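Here the structure is laid out as structure tokens; the discussion comes afterwards.
Quick note on labels: first sequence line is chain A, next is B, and so on, each numbered from 1. Note that the coordinates shown come from a computational prediction; the quantities given were computed from them, not determined experimentally.
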2 protein chains.
Amino acid sequence: MVEKSNIDVVERRRGSGVKLVYDILRDEILDLKLAPGSPVDEVLLAERFQMSRTPIREALVRLAGEGLIETLPNRSTLVSNIDLLNLNTYFDALVLMYRVTTRLAAQNHKPADLVAIRELHGQYAATVETRDLRDMIAVNAAFHLAIAEAGRNPYFTGLFRRLLDEGRRILRLYYNSYDEQFPQRFVDEHAEIIAAIERRDLDLADHLGKIHGEQIVEQVQRMFVRNQKLDIKL
Amino acid sequence: MVEKSNIDVVERRRGSGVKLVYDILRDEILDLKLAPGSPVDEVLLAERFQMSRTPIREALVRLAGEGLIETLPNRSTLVSNIDLLNLNTYFDALVLMYRVTTRLAAQNHKPADLVAIRELHGQYAATVETRDLRDMIAVNAAFHLAIAEAGRNPYFTGLFRRLLDEGRRILRLYYNSYDEQFPQRFVDEHAEIIAAIERRDLDLADHLGKIHGEQIVEQVQRMFVRNQKLDIKL
DNA sequence: TGCATTTTTCTTGTCGACAAGAAATATTTT
DNA sequence: AAAATATTTCTTGTCGACAAGAAAAATGCA
């Protein structure tokens, strides 16, 4: 009979460790399981993931490249803070990317893209029913990313992905005050956007993307103001 | 008298090695001193820079994060190829960023920004006189980046920087067929852009940015076609 | 000779150990 | 007791060595 050690030393494929650590830490940062400003200790991570500091460090370098962590030379590395003072620059970029990606999707999409988009649209509608915020944020991001992919411009898709990631953190900040009525409206707007893309109506797609983006922005700003009034520390 | 070794073992500040390697390799890639597709050997680089593979690797991970090199797992790492088939998506993104950054600069600039922009404008005019293409490309990029900085949206600035970097590589491909008449026109257009920014005329700045971007695109496309006719391998 | 298989080589991926830098703590000096 | 200085501690940065994986070369076999 094979003896099973109580410490799981998992056999990993060479090279997979970095991706594992990167993916997990990235999710934990974006879901605010790791609070902004909290320290990221290489030695602790090495113990936690049962590997040496080298692959841990590589994952951290990648995360730093995306701005998710910050490295203070010779001292420590921290989870990046969310810059709430410059939220407007974030919103500017987000709305423009909503417009551009939706417009390009109307222009460049192929039939297979619409299948994928509709699939995610259905998933989003389902998560709205369950009222699970984490799923809603994730599926909504995936839905809009699928539209961006259909637009076939990797430069825009890349920036959009980063903006949606940052949005995961921002939305999570407002978890409690999340207004439960607006998701249904978003489902309808998503449907309109899909229709415009399918009809290849570039200007309408652009316009709907703009409205949709601006409504999300407005919603977040309202939550922001309300939280400030409630004196919630950010 | 102090004896000087013929091997320069330079005393470096701890942590500076990565930045050194990163900066040099980045420049060499963007100036096409390292040809797209050519191998990047960690051991060779370690010997060249007189340091161990660890900091070399960290620099390479960062370059990979920006898409400048590609890593084939367990095998080799290469300088990324320039995707000439999808040039149009590149141009789409570039023109939009020209527009957006110029518009935002008109909206958000402060007096100090204009000083910096004008300084680079002067430098650009000077490099046009010398007809040194490498300087022209670099200073032109710096000029437009300064405008982007004045727009104060780091998301746009980041994407724009990457696009201008990629442009360094693309322009260098066409070095020989570079048309010597258009730089002077660009100097004049730069002056118009500065004036629009100073007047805070958002729509005009946007429009001029668009025209300027499209003219660069047109120029590159013309060179592209001419090179294809001449049967130059790309 | 032509093809499959084994061996070698070459490059990357991972490790454990040590050094350097900065902050925190302890010590000395006035 | 307060300030300056020395020491310790803690985390990151770098190193040299070795292992793993894949391609290339060499070998064996029909």
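OP1 or OP2 of D:dC15 sits under 4.0 Å from a side-chain N or O of B:S52.
Listed by residue number, B:V40, B:D41, B:E42, B:V43 are the residues of residues 36-44 of chain B with a heavy-atom contact under 4.0 Å to DNA chain C. DNA chain D lies under 4.0 Å from at least one heavy atom of each of the following residues of residues 59-81 of chain A: A:N74, A:R75, A:S76, A:T77.
Between the P atom of D:dC15 and the CD atom of B:E58 lies a distance of 12 Å, rounded to the nearest Å. Between A:M51 atom CE and C:dC15 atom P there is a gap of 7 Å when expressed in whole angstrom units. Between B:R53 atom CZ and C:dG16 atom P the separation is 17 Å, expressed in whole Å. The distance between atom CD of A:E47 and atom C1' of D:dT11, rounded to the nearest whole Å, is 13 Å. The separation between B:K19 atom NZ and D:dT14 atom P is 14 Å, rounded to whole Å. The CZ-C1' distance, from B:R14 to C:dA22, rounds to 10 Å in whole Å.
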Name the atoms and distances for all side-chain donor-acceptor pairs under 3.5 Å in residues 38-49 of chain A, with sequence neighbours left out.
residue: A:S38; atom: OG; partner: A:A35; partner atom: O; Å: 2.6
residue: A:D41; atom: OD1; partner: A:V43; partner atom: N; Å: 2.7
residue: A:D41; atom: OD1; partner: A:L44; partner atom: N; Å: 3.2
residue: A:E42; atom: OE1; partner: A:R53; partner atom: NE; Å: 3.0
residue: A:E42; atom: OE1; partner: A:R53; partner atom: NH2; Å: 3.0
residue: A:E42; atom: OE1; partner: A:R57; partner atom: NE; Å: 3.4
residue: A:E42; atom: OE2; partner: A:R57; partner atom: NE; Å: 3.3
residue: A:R48; atom: NH1; partner: A:E28; partner atom: OE1; Å: 3.4
residue: A:R48; atom: NH2; partner: A:E28; partner atom: OE2; Å: 2.7

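A salt bridge is absent between A:R62 and B:E58; no separation between the charged side-chain nitrogens and carboxylate oxygens falls under 4.0 Å. Ion pairing of B:D31 with B:R169 is absent here, as no side-chain N (NZ or NE/NH1/NH2) approaches a carboxylate O to less than 4.0 Å. In this structure, B:D23 pairs ionically with B:K19, as a charged nitrogen and a carboxylate oxygen lie closer than 4.0 Å. Between B:E218 and B:R222 there is a salt bridge, with a side-chain nitrogen of the basic residue lying less than 4.0 Å from a carboxylate oxygen of the acidic one.
When the side chain to side chain donor-acceptor pair (under 3.5 Å) test is applied to B:D27, the partners found at least two apart in sequence or on another chain are B:R168. For B:E119, the side chain to side chain donor-acceptor pair (under 3.5 Å) partners two or more places apart in sequence, or in a different chain, are B:Q123. For B:F91, there are no ring-ring contact (aromatic ring centres under 6.0 Å, His included) partners two or more places apart in sequence or in a different chain.
Among all heavy-atom pairs drawn from A:L120 and A:A146, the shortest one is CD1-CB, 3.7 Å.
For the pair B:G15 and A:R13, both in contact range of DNA chain D, the more 5′-proximal nearest nucleotide belongs to B:G15.
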